[in-house]
Amino acid sequence: MSASLANARADFVAKALRAAADPARAEGMAAYLKTDMACYGVAKPERVPVRKAMLERYPVSSRAEYVDGIRALWERPHREEKYLAIGLARAYPEYITLSSVPLYRRLVVQGAWWDLVDDVAIRLVGHVLLQQRERMTPRVVTWIEASDLWLRRTSIISQIGHKEATDQELLFGACLARMGEAEFFIRKAIGWALREYAKTNPLAVRSFVLANRAGMSGLSFREATKHLEV
């Protein structure tokens, strides 16, 4: 039952996206994202009503439906279908829990690019970390040393938006652990995460950045201190 509902939802989404498709925009989208994945060329404003209709016509009423629904959309070949898989995942906070983390991990590893990974990292993994910090923190710590680049990025940016609830030790520890990496997406993530936390605790970020300036890349430093006096 859950699988048939998931497939019906995915078929509905695909049909709606095909109706809104723009081949010219699809070409530009693929070029911007540097991807070979098929795109319909449906921009975010045009995806919003598709998401709304999807949630109204095919609501989720169990964890099995939640997981199957996300998987069915994620496995479709177009990028916009994956965006809507993430949109479905975000729509049901009651299921954004530790039990869903293996699924979110899969989305991160298979997504393997910032436009897919960052939403999962911040809105899904980050939500679990905020709500179930004691149990989720060990997993995030493990990802700091993961062989997969996107899990490492997730470990750094997953607390963006946590503000006063940020686990400063976890954030600074992740930044320190990956500070020596040459990978652009890691250096950018460090700067981004520190810049966002600086909006809440500028003194702590300033102190951390100055203490570790020698080991920090120019990109990370510039991003982290964009709104700080150093």
Side-chain angles (χ1 to χ4, degrees), residues 33-34 86 89-90 96-230:
L33 294 171
K34 301 178 181 178
I86 297 170
R90 289 181 55 186
I96 306 177
T97 65
L98 202 69
S99 297
S100 298
V101 171
L103 173 60
Y104 302 155
R105 185 187 187 281
R106 175 182 173 186
L107 302 187
V108 166
V109 173
Q110 292 183 352
W113 202 242
W114 62 267
D115 64 312
L116 295 171
V117 169
D118 291 359
D119 215 15
V120 176
I122 296 169
R123 307 298 180 190
L124 298 175
V125 172
H127 182 89
V128 179
L129 181 59
L130 185 61
Q131 299 299 320
Q132 299 179 268
R133 190 170 294 281
E134 185 175 343
R135 298 179 66 191
M136 186 61 193
T137 296
R139 299 199 186 196
V140 174
V141 170
T142 299
W143 291 356
I144 293 171
E145 303 295 339
S147 59
D148 184 84
L149 155 67
W150 301 102
L151 287 175
R152 298 198 303 276
R153 180 175 169 93
T154 296
S155 73
I156 297 166
I157 67 173
S158 58
Q159 292 193 87
I160 287 177
H162 287 196
K163 300 181 180 180
E164 292 84 1
T166 298
D167 181 337
Q168 184 175 292
E169 181 180 354
L170 177 62
L171 171 61
F172 289 170
C175 292
L176 278 172
R178 306 275 38 112
M179 199 170 284
E181 276 203 52
E183 170 58 54
F184 169 83
F185 286 105
I186 295 299
R187 291 183 169 187
K188 187 79 170 180
I190 290 171
W192 181 19
L194 291 174
R195 184 179 76 243
E196 289 301 309
Y197 184 47
K199 296 175 183 177
T200 297
N201 196 339
L203 293 179
V205 174
R206 183 180 186 275
S207 177
F208 176 81
V209 167
L210 291 178
N212 295 283
R213 177 67 185 95
M216 188 176 291
S217 71
L219 173 60
S220 296
F221 182 83
R222 289 191 301 274
E223 290 290 323
T225 60
K226 189 168 287 186
H227 307 297
L228 291 177
E229 292 184 11
V230 292

Any salt bridge (charged side-chain N to carboxylate O under 4.0 Å, His left out) pairs touching residues 154-170, not counting sequence neighbours? none

Below 4.0 angstrom, N of the basic side chain to O of the carboxylate: do E181 and R152 qualify? yes

Is there a side-chain contact between D118 and I160 in this structure, where contact means two heavy atoms from C-beta onward sitting under 4.5 Å apart? no

Please answer whether the main-chain N or O of I190 pairs with a side-chain N or O of R187 as donor and acceptor at a distance below 3.5 Å. no

Which atom of I156 lies closest to which atom of A189, heavy atoms considered: CG2-O, 3.6 Å

In this structure, CH2 of W113 is separated from CZ of R153 (nearest 0.5 Å) by 9.5 Å

So does R213 have more than 12 non-hydrogen atoms from other groups sitting under 6.0 Å from CZ? yes

From Y104, F185, W143, residue fulfilling ring pair (Phe, Tyr, Trp, His ring centres under 6.0 Å) relative to W150: F185

Find out whether L107 and L116 are in side-chain contact, i.e. whether some heavy atom of one side chain is under 4.5 Å from a heavy atom of the other. no

Check: S155 and L151 side chains under 4.5 Å, non-hydrogen atoms: no

Checking the side chain of T225 only, and the main-chain atoms of F221 only, is there a donor and an acceptor separated by less than 3.5 Å? yes

Tell me, do M136 and L130 make a side-chain contact under 4.5 Å, heavy atoms counted? no

Which atoms form the tightest heavy-atom contact between R133 and T137, and what is the distance? O-OG1, 2.6 Å

Measuring only between side-chain heavy atoms, which start at C-beta, is E145 closer than 4.5 Å to R178? yes

Considering only heavy atoms from C-beta outward, does the side chain of T200 approach that of T166 to under 4.5 Å? no

Looking at E229, is its backbone amide N or carbonyl O close enough to the side chain of R206 to form a donor-acceptor pair, meaning the two atoms are under 3.5 Å apart? yes

Any sub-3.5 Å donor-acceptor pair from Q132's side-chain atoms to L98's backbone N or O? yes

L176 CG to M216 CE distance, which is reported to the nearest 0.5 Å: 8.0 Å

Would you say that V128 contacts R139 through its side chain, given a criterion of any heavy-atom pair below 4.5 Å between the two side chains? no

Please tabulate, one pair per line, all N/O donor-acceptor pairs under 3.5 Å involving side-chain atoms of residues 119-126, not counting sequence neighbours.
| residue | atom | partner | partner atom | Å |
| --- | --- | --- | --- | --- |
| D119 | OD1 | R90 | NH1 | 3.3 |
| D119 | OD2 | R90 | NH1 | 3.4 |

